[in-house]
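Report on one structure; see the data block that follows.
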Amino acid sequence: MTDWYFSHIVLVQSTLTTLLLALSVQVPLRAGVFSFAGVGCYGIGGYLAAIGMVHYGLSTASAILLAAAAGGIAAYALGLLIQRLTGLYLAMATVAFTLIIAVVVVNGGDLTGSAAGLFGALGTLDTGHLLAVVAVVVVALTFTEIGPLGRRVEAVREDPELASAMGIDVARYRRATFAVSGVLGGLSGSMTVLLRSTVTPDDINFHLVVLALTIIIVGGSRSWIGAFVGTVIFVWMPEVLAFVGEWEDVVYGVLVAAAAVYLPGGVTGAAMDGYRRYRRKRREAQSSPDAPPPQPAAAAAGGDR
Amino acid sequence: AQGGIATQEGIPKEIRLLGVRDHTGPVAYAGIGGARGGELAISEINRSGYLGKGVKLTIEEVDTAGSIETASAEMAQATADRTVHAIMGPTQGQQAATVAPMVERAQVPTIFTQAGSDGVVINDYTYRATAPMESYYHLATDYLAEKRLRDVSVLYNATFPTFAEIGDGPLPKQAAARGLNIVSSTPVQMTTQDFTTPVRSIAGKDPDAVVMLLTEPQSVTALTQLRQAGYDGQVIATSVQGGGNLKEAGRHGKGVIYPTDFSPALTSRKARDFVAAFEKRFGQLPDVYAAEGYDGMWWLARAIKASGSASRDGIKRGLQEVAKDGFEGAMGELTFAGGDMRVPGVLVRWNGTREELVSGGAS
Amino acid sequence: MLEVADLHVSYGPVHAVRGVSLAAEPERITLVLGANGAGKSTSLRAICGLQPASGGSVRLDGAELLGKRPHRIVRDGVSLVPEGRRIFAPLTVAENLRIGGYTADRSRVGALVDGVYDRFPILAQRRDMPAGLLSGGEQQMLAFGRALMAQPHVMLLDEPSMGLAPGMVDTVLAGVRAIADSGIGVLMVEQNVDAGLAVADTVSIVARGEVVRSGQAAELRQDASVVHALLGEAALAEEGAP
Amino acid sequence: MAQHILNAVALGSVYLVFALGMALAWSTIGILNFAHGATFMFSAFTAHVVTQQVALPMPAVVLVAVAAGALIATLTQVLAFGPIMRRVADHRAAELRILIGGIGVAAIPLAIAERETASAPFGFRGSTYQAQVFEVFGLRMTTTVLVIVLAGIGIGVGVWRWLARSRQGLALRAIGVDAETASLMGVDRSTLALGTMATSGALAGLAGALLTFQLGAIAPESGDQLLIKAFAIVVLGGLGSMGGVIVGAFVLAGAETLVLAMNQGTWVDAVSFGLIFLVLLLRPQGLFGRQEVRRT
Amino acid sequence: MAASTAATTGDERRAEPEATVLRADDVAVHFGGVKAVDGVSITLTAGRIFGVLGPNGSGKSTLLAALTRLVPLTRGRLEFQGKPYDTVRPHTIAARGVARTFQTVRILPGRTVFDNVALGAESAGRPGSIGRAGKAERGRVRQRVRTAIERTGLSGKERHRPDELSYGYQRRVEIARAIASEPTLLLLDEPTAGMNRQERDDITGLLDDLRGEGLTQLLIEHDVQMMVEACDHLFAMNFGELIADGEPESVVRHPAVQEAYLGTQGRAHA
Ligand SMILES: Nc1ncnc2c1ncn2[C@@H]1O[C@H](COP(=O)(O)OP(=O)(O)OP(=O)(O)O)[C@@H](O)[C@H]1O
Ligand SMILES: Nc1ncnc2c1ncn2[C@@H]1O[C@H](COP(=O)(O)OP(=O)(O)OP(=O)(O)O)[C@@H](O)[C@H]1O
Ligand SMILES: CC(C)C[C@H](N)C(=O)O
Ligand SMILES: [Mg+2]
Ligand SMILES: [Mg+2]
């Protein structure tokens, strides 16, 4: 077990940091904000942590705090700037934001290490720290998924106008998701960098955007559990698929496409549907077997008055 | 796995190595080349009983698939495996820089090929069998000075670490030292595909030579469009254009000159033997990546022999010892700066079908 | 002529339509009445192929329609004004009408569009406006006009008077009558019982997914209380309110 | 200066042909095909493989690539997007799944091409075509550029007019709004969708062939770079507006050319994406996009 | 319908009888050249049902949108319980106790009927509260949801998703959501479209009960008979303007209304 743990420590840790990145895209998406600003903040956080540590000798904890705060502020400011945008227009603007950050760090001279990036930013993080951070994040997010707040978030996503007619300050919710996604991105970026000690402009690219999106759609976009399932799938897939060798990418492509076709709500959605069907079956089995075909209210509707 | 094997002193019957590099993805050619060169070297080492009768080097390759994540994950697994004596590390600079601190923590000697950025050879366990491009790029400026090609334009990919390093620093310095006049310096980025505009302004200046530091597809396009823009002077490129990468440029690629650490056109006996053996085994000419993999593997074998131990510590000591004296490899007389290889380098010309020697390469 | 016999439709475990039989004959209007959730819309959707049926048959002039895809059924001459209007919101009013005439003879589209504009002048005023901006009633007119564009043999209408002002209800239902008189068979779901009865020829009353009563409109007009009773309006009928 | 404008027009035309195919499927039947870049690349790769066997003239090479593109896109539709669209009633639910389906599909040709070429650049060296350089009014250009500009503008305007005027164009837009109701109008949505995707793929193939002729060679990864640019172009122009795509392509190409002409090559992406960002700030629906139609 | 459970709810919000709840003064909403609403002034007093009649496209729904701040005003002033609100954002006025239904059904498709109604129940006058509600509050919310569901005849359908419901039932979810928020003012845009007479009477019975509890209402419907019976006061609109205003019977008999609304035949429909 410990052998296994030590040889897979990088995968375990990157599962946790990638989860935070995926959540940074999922949180706004859940409120109907199609924003990839979190990925940009991943870059901001990663670079700030590395700069803080390499150039200014910051401690690991303060580098991460700085990164999270900066990510949150940057994303919040971006959110203020582009609050009139919606849908794919907003997505495009945030992708642009992310890619511009990549260009800025390439041209950042010694501060950012230019094209080569920075190295030697090895923090003192361990898996325990990561777990603690992720646990706090997950618990906090759970509250936004259930109960009244969950319903409101859903209303903001599905029908903002209806939401505001229900007394919900839609703009405030949107700005909040920006800030949260920035913090999550900053956390993810800084912790990734401090674990692996290097950061390069290449780390902030469109593929990361695509990866984050793929994770949450394949995993399930409605709750952190979906993000977690997706993260596990995509972080561990190369390991699991190693046996197919050079066909790994082909198999990867087929699996992703198949998930898109056959799993409407992602893996978690499919699991929940299965569970619901199972429950219904059981309920039906329990209700008296000789009764006429189940009358799940709907069919009886016409005359139940 | 039984623990402790790779830490035992002495030379066991089997010495297990792991190759952790790109076998798929955009720079797969570097990993594949390195793996093939190493494979050839291993077969020679094993066949000749170089490490003693019945002693066998074995290598297993894992694919980092072009990603830093996968590279560090694979490396974590590799270093945790106590039966692994040494690792032939990733070829991409950033992958290598990321795993460098890991191999030190795990104390597994690792030889990189390529991996041309800073932050790779940083401790007692990191070694590199590729000379940094800037260490032999003076061959190009020497040539220009010698041919009196004074006015030079530079077109370079400033977001690719290796080229950025040369284009921003050593190249202008070397040029100035040799009395060359850099009339224009045009940075482009990784995503630049069309060069009509930059090439147009270069052609307008009509310099004596153009130094072009670009990736493979970029160089084909830039060359083609440079010629179409009416420029017909000398083009100087890099080893990235070696290994037949200019083939697609067709007639526009003819006559391009570049410094490289290895060319099949090299005439030393070592080089000729390597080329012949490689061709026999793989049915094609070796590229620079293969030569580096080959010489890197021989460095390792010499190290084991020198320290008389294939333990991780023994290999580390041996590598340092061999580096002190240097040795002759396929790339010529190899010297070392710490754990980092240096080569004499060679200047070659692409004649449309293969490389021809222009200068250097003497051994 | 369209004959629906013993139609069954289920949504998963919900058996929404249980053996409905209906008919639409040329020149006649068949009025379908029923409480909310009785299965009226589901029946119409199944006839058009939008919802798979689990049993029964739908024949148009003897040919089976069940199992065909919706666009085929439309081309065979059956056209539906769907519940909730379903206009194409971002397309202009004129484009909505033109798409309605997708299967019509190309050369006649212009004339047909003008016909709709004559019937509903407000649509002509709004012709270049995105249809989604129309008021509810205007959208209902558009949905009706759009169905006319297809020049069907059989027309299925799901609550065509919904959201219309009384004057407009008369216009639309008079339009339906005129359409029927021109030789088209009409199957119409209506909640506005009196207005519906005024133009219908035959009536079928649906409850809980089954036809509980059908007969000639003329008879039922005499005996409106029966209809109301069947629709669960007994209390009202006793008070003799209407 | 004039030369720079010509260069921008040439670059814009390549972007245009590529982006048109993507915009066609996206703004009509609502398929944002993330495999468009891979389709582009793989059609060029197919033509490359063919030219290695037979020396073909330019039109034949283009034809091969166009056919390959149409085939790939058709397969994508049949195997991935079609099943997704069949399984959902409303379009919004399908949107993200189509995106991800495309991402999955794209990985396949990319992996194959990378493997076959070992990621080395490939081109049409085997073709009999040689670009001729000529000068008009002191402007230097090649026959390739001429072909690209003509094809780009011609097809761009053609597609634009066709979508706005034709019956099928209208039907396609209706499918994008509400596929079920469109079928109630007699529109055969699966056939039309298939035709649209095939056309879109053919345009990707055309772009693949033309760009490879223009650049001399492309790499397996070249498609990805164009994909994000095309995405930007369509959004910049305003989703649903083909005229917007035409303008968007030339605006982006113009901006890039300008930055390059000022010798600030490493800032190209920042400037072009910054421009898009600014345009969206001022016009949240893109240059020619329509405001979303929603009523209370 | 379960009118008996009604008495316990809504009393906290009951307003003074005859107090002015809402005043709209010279309200206009123009869309380019379309003058959807053009200078309408109305006053709603507490505890009464007001009706709006008018031909299709006369501006009724737009007026409702203006009152709930969902469209920008071209001109005019709005006042709710004495406080002007023509510049606030829509959620603010909703949080102050103005609830509405929509002419086109708008419900959350992925949530059950219960959840949809709960969304309304939770919005009641607690602007922006981030769901920290205590146990007691949660219990009260659940009670409000149950009551609203019962009163709109949705009992037994709590666990259904809206898209599994027939159109008439989807409309009821809209109404239930609005009344679950226990508003001070309820605005209803054709709440009974797609219902037959009996079903309509059930709904008007409910509105009547709510009036008895002191709830002020503004109702848009096309069914003249129903409007006359249900409302205390009618407004008639045409071309965005008020053409009549007063006692229901007299408004319906007003010649301009007859002319505009009841069609050329001028025959009352009911
Ligand atoms: N998608 C669906 N999934 C499950 N059940 C459904 C679905 N659509 C309708 N039903 C159920 O089928 C029954 C019949 O619905 P239908 O829409 O046909 O009623 P209707 O007679 O048209 O009612 P209304 O007058 O309210 O429009 C209802 O009980 C409804 O709950
Ligand atoms: N956003 C908009 N842009 C342009 N015109 C609009 C817009 N919204 C409404 N209109 C127009 O304003 C007029 C009034 O619309 P409104 O929806 O208020 O009518 P209504 O009285 O509710 O009609 P109905 O009884 O049919 O629902 C209509 O003619 C409509 O076409
Ligand atoms: C494989 C090569 C392209 C690697 C490159 N020389 C680097 O250092 O990153
Ligand atoms: Mg219905
Ligand atoms: Mg209205």
Side-chain angles (χ1 to χ4, degrees), chain A residues 30-32 83 140-177 180 220-223 226 264-266 269 272-273 276 279-280 283 294-305, chain E residues 1 65 68-70 89-102 106-111 114-133 137-138 141 153-160 164-166 168-169 174 177-178 181 183 187 198-199 202:
Chain A
R30 237 170 2 93
Q83 54 181 328
L141 288 185
T142 306
F143 282 109
T144 69
E145 289 170 11
I146 57 173
L149 190 55
R151 279 191 277 272
R152 283 153 183 249
V153 169
E154 183 150 339
V156 170
R157 173 183 73 237
E158 292 292 337
D159 192 339
E161 202 166 55
L162 168 66
S164 62
M166 300 318 315
I168 299 170
D169 186 347
V170 174
R172 212 182 89 182
Y173 274 63
R174 290 187 184 214
R175 288 195 304 267
T177 68
V180 172
S221 56
R222 294 283 180 267
S223 94
M272 293 219 320
D273 281 351
R276 223 174 278 134
R279 279 243 316 241
R280 185 185 289 160
R283 234 184 299 130
Q295 297 243 340
D304 64 4
R305 194 174 300 111
Chain E
M1 224 168 264
T68 47
R69 300 283 307 118
L70 289 176
R89 288 192 292 138
H91 68 272
T92 324
I93 189 61
R96 281 191 211 157
V98 178
R100 66 167 293 169
T101 69
F102 292 89
R106 289 177 112 161
I107 32 192
L108 302 184
R111 291 279 187 163
F114 184 93
D115 280 353
N116 269 285
V117 178
L119 186 65
E122 286 151 3
S123 80
R126 284 177 291 118
S129 75
I130 299 285
R132 277 179 299 115
E137 176 61 22
R138 255 179 297 161
V141 164
L154 284 166
S155 302
K157 299 195 185 303
E158 292 90 340
R159 296 278 141 228
H160 283 253
E164 297 170 348
L165 297 181
S166 73
Y169 279 93
E174 281 259 328
R177 183 181 60 209
S181 71
L187 310 171
Q198 170 68 50
E199 291 157 344
D202 290 340

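- Remark: E:Leu119 CG to A:Glu158 CD distance equals 11.5 Å, nearest 0.5 Å.
- Rounded to the nearest 0.5 Å, atoms CD1 (E:Ile107) and CG (A:Asp159) are 10.5 Å apart.
- Closest approach of E:Gly120 to A:Met166, counting heavy atoms only: CA-CE, 3.6 Å.
- Looking at E:Ala99, there are no atoms closer than 4.5 Å to chain A (heavy atoms on both sides), in backbone or side chain.
- Counting heavy atoms from C-beta outward, A:Glu161 and E:Arg106 have side chains that approach closer than 4.5 Å.
- Taking the side chain as every heavy atom from C-beta outward, E:Pro90 and A:Val170 never approach each other to under 4.5 Å.
- A pairwise comparison of heavy atoms in E:Ala94 and A:Ser164 identifies CB-O, 3.6 Å as the closest pair.
- Under the side-chain hydrogen bond (donor to acceptor under 3.5 Å, both in side chains) criterion, E:Arg111 pairs with A:Glu154, E:Asp115, not counting sequence neighbours.
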